Each structure stands twice: as structure tokens, then as C-alpha cells.
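A short write-up of the structure that comes next.
The basis for the numbers below is simple: all heavy atoms, side chains too, and nothing from hydrogens, waters or symmetry mates. Residue indices begin at 1 and follow the sequence shown. Just so it is clear, the model here is predicted, and its values are computed rather than measured.
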Amino acid sequence: MKNIVYTFMSPFSTQQTAEMICRVMEKLGTVKEANHRNGHIKAIYKLSTFRKYKYNFYIEHSEKACKVRMVMGDDGCVDIKRVWHIRDGAWDNFLTHLFELAPDTDFGVTLSEGSPYVMGVLYLENDVEQVYISRTKRNTSITGFLLGGALFGDAGAIVGGMSGRQRTVGHTYTQFSNSQLSRIIYNNGRLWEGNVIKGSDLYNEIMVNMQ
């Protein structure tokens with residue numbers, strides 16, 4: 001299984017955000033390397049004596065907030081449902097400690113509290129970016145982050161469409177597919193990218209809950 005990515009926003013400076021992350025990770029494991037100026041932190045999350053995760057934090061500063069991405073290393077587990085359950089739980093623990101450091105701060109994400117739900121979807125159809133926001137989450141800050149693409153990140157990896165144009169060197173043609181290459185963010189900040197198959201449970205959730 002490839003690396004798992006989580007993301008959140010911070011209204012603080014790069015250095016302040018890095019300091020907060022380090023304080024949390026010192027409680028949950030070990031900080032191996034921290035460059036507060038460049039916003040890169042390497043840490044080990046100690047879930048148990050025998051299970052540890054490598055956390056790499058990348059902080060990107062913008063005008064209004066810092067975008068934080070945490071890339072969690074692959075541990076080789078092939079049980080996908082178990083991976084999500086364990087890692088979402090570990091990430092919830094990180095968020096809980098982060099929220100305690102700044103209880104009145106909106107980080108643009110919430111605890112999963114069970115199975116996280118789809119908060120937003122970004123995809124291309126007919127060469128136009130489409131962003132869908134969950135009807136169940138009306139937090140203005142979260143909505144603003146999603147519409148601005150801040151939590152999604154660069155959209156360069158999102159290509160193709162259910163019934164869109166696909167370009168190759170010297171050729172343009174229209175293709176029809178039962179899947180959509182999408183970038184999805186969950187309410188806890190989990191970022192996932194891949195093909196959403198039409199008629200699947202995930203596809204139906206998107207169709208029902210996105211505005």
C-alpha cells in the first residue's frame with residue numbers, strides 16, 4: 001500500500017506551526033529532525049512497542065494560513081480496512097493533542113469519530129475542475145479552504161474525466177469511462193487520490209452528499 005497523506009490548515013506562522021507539531025509528536029513518539037524555518041519535520045509515532053509509524057510533516061506558507069501535509073510511511077500491511085482504522089485512530093490522537101494546544105483555533109479539519117466521511121471532492125470533467133463540498137459540513141472555514149484548493153493541494157495529478165477529453169501528442173479524442181480519477185478529502189484531513197468507480201459505495205456517497 002502506498003503512503004497515506006493527511007492535511008490540515010494552520011493560521012500560525014511556519015515556525016509556530018512547526019513548534020506545535022513538535023510538541024505534540026514529543027508526547028506521541030520521537031522527533032527525529034525538525035527544520036522550523038523550512039517547515040519540515042521527521043518524527044516517529046509510537047503506536048505500541050512493536051508498531052511505529054514514520055511521520056513526515058511538510059508546512060507550506062500562504063498569505064492567510066499554512067498548509068500542513070503529513071505523509072505516513074507504508075508499513076506493508078495489505079488489509080486496507082485495518083490500515084485505515086488504525087491510522088485514522090492514530091491521526092485522531094494527533095489532532096486531539098493539537099486541538100488542546102490551541103482550543104479556539106480552526107484547523108480546517110475535525111476528528112473522524114468513527115468512520116470519516118467525504119468532505120470534498122476535486123475532479124476534472126470536460127477539462128474543467130469541479131469541486132464538491134459536503135452538505136453535512138457547513139463550516140465556512142473548511143468550505144473556503146476547499147474552494148480555494150488549499151486542502152486539496154496541486155491539481156496537476158487530476159486528469160481525465162467520466163466523459164471528457166484526453167490529449168496525447170498530436171491527438172485529441174473523447175473517451176467514456178465508468179470511473180473518475182478524483183482527489184478526495186475526508187473530514188479528518190485524510191487525502192486520497194484514485195479512480196472512483198460509478199455505482200460504487202464511494203461514488204454513491206459523493207453523489208448523495210455533495211452539493
>> Among residues at least two apart in sequence or on other chains, which ones pass side chain to side chain contact (heavy atoms under 4.5 Å, CB included) with N204?
In response: none
> NE2/H61 to OG1/T17 distance, rounded to the nearest 0.5 angstrom?
Replying inline: 9.5 Å
> What's the spacing between E33 CD and C22 SG if we round to 0.5 Å?
Replying inline: 10.5 Å
> How far apart are the closest heavy atoms of N187 and L111, and which atoms are they?
Replying inline: ND2-O, 3.1 Å
> Do H36 and E19 come within less than 4.5 Å of each other through their side chains, counting heavy atoms only?
Replying inline: yes
>> In terms of relative ring orientation, are F107 and F8 parallel, tilted or perpendicular, with 30° and 60° separating the classes?
In response: perpendicular
> Parallel under 30°, tilted from 30 to 60°, perpendicular over 60°: which one fits the rings of Y55 and F57?
Replying inline: perpendicular
> Among all residues two or more places apart in sequence or in another chain, which pass the side chain to side chain contact (heavy atoms under 4.5 Å, CB included) test with L101?
Replying inline: M20, R23, V24
> How many angstroms lie between OH in Y6 and CH2 in W192, if you round to the nearest 0.5 Å?
Replying inline: 14.0 Å
>> For residues V109 and L28: do they belong to one hydrophobic cluster (side chain heavy atoms under 4.5 Å, members Ile, Leu, Val, Met, Phe, Trp, Tyr)?
In response: yes
> Is W91 linked to I44 within one hydrophobic cluster, defined over Ile, Leu, Val, Met, Phe, Trp and Tyr using a side-chain heavy-atom separation of less than 4.5 Å?
Replying inline: no
> Are N35 and R37 close enough, and set up right, to give a side chain to side chain contact (heavy atoms under 4.5 Å, CB included), and what steps lead you there?
Replying inline: CA-CA 6 Å; N35 189 324; R37 178 174 296 181; 3.7 Å; yes
> So, for N188 and P116, which heavy atoms are closest and what is the spacing to 0.1 Å?
Replying inline: OD1-CB, 3.7 Å
> What residues form a side-chain hydrogen bond (donor to acceptor under 3.5 Å, both in side chains) with T14, not counting sequence neighbours?
Replying inline: none
> What heavy-atom pair brings A18 and I41 nearest, and what distance separates the two atoms?
Replying inline: O-CD1, 3.5 Å
> So do Y45 and N93 actually touch side chain to side chain, heavy atoms under 4.5 Å?
Replying inline: yes
> Does the side chain of M70 come within less than 4.5 Å of I21's, by heavy atoms?
Replying inline: no
> Which residues satisfy the ring-ring contact (aromatic ring centres under 6.0 Å, His included) test with Y186, sequence neighbours excluded?
Replying inline: none
>> Please enumerate all residues that pass ring-ring contact (aromatic ring centres under 6.0 Å, His included) together with F12, with sequence neighbours excluded.
In response: none
> In Å and rounded to the nearest 0.5 Å, what is the CD to CZ distance from E60 to R69?
Replying inline: 7.5 Å
> To the nearest 0.5 Å, how far apart are CZ in R190 and CD1 in I4?
Replying inline: 7.0 Å
>> Let's go through I86 and Y53 carefully: what are the C-alpha distance in whole Å and the side-chain angles of both, what is the deciding distance for side chain to side chain contact (heavy atoms under 4.5 Å, CB included) to 0.1 Å, and is it a yes or a no?
In response: CA-CA 11 Å; I86 293 175; Y53 292 120; 3.3 Å; yes
>> Taking ring-ring contact (aromatic ring centres under 6.0 Å, His included) as the definition, give me every residue that meets it alongside H40, ordered by chain and number, with sequence neighbours left out.
In response: Y58
>> Between M9 and K67, is there a side-chain heavy-atom distance shorter than 4.5 Å?
In response: yes
>> Measuring from atom OG of S112 to atom CG of D92, what distance do you get when rounded to the nearest 0.5 angstrom?
In response: 3.0 Å
>> Looking at every non-hydrogen atom in both residues, tell me the closest pair between E100 and P103 and how far apart they are.
In response: O-CD, 3.6 Å
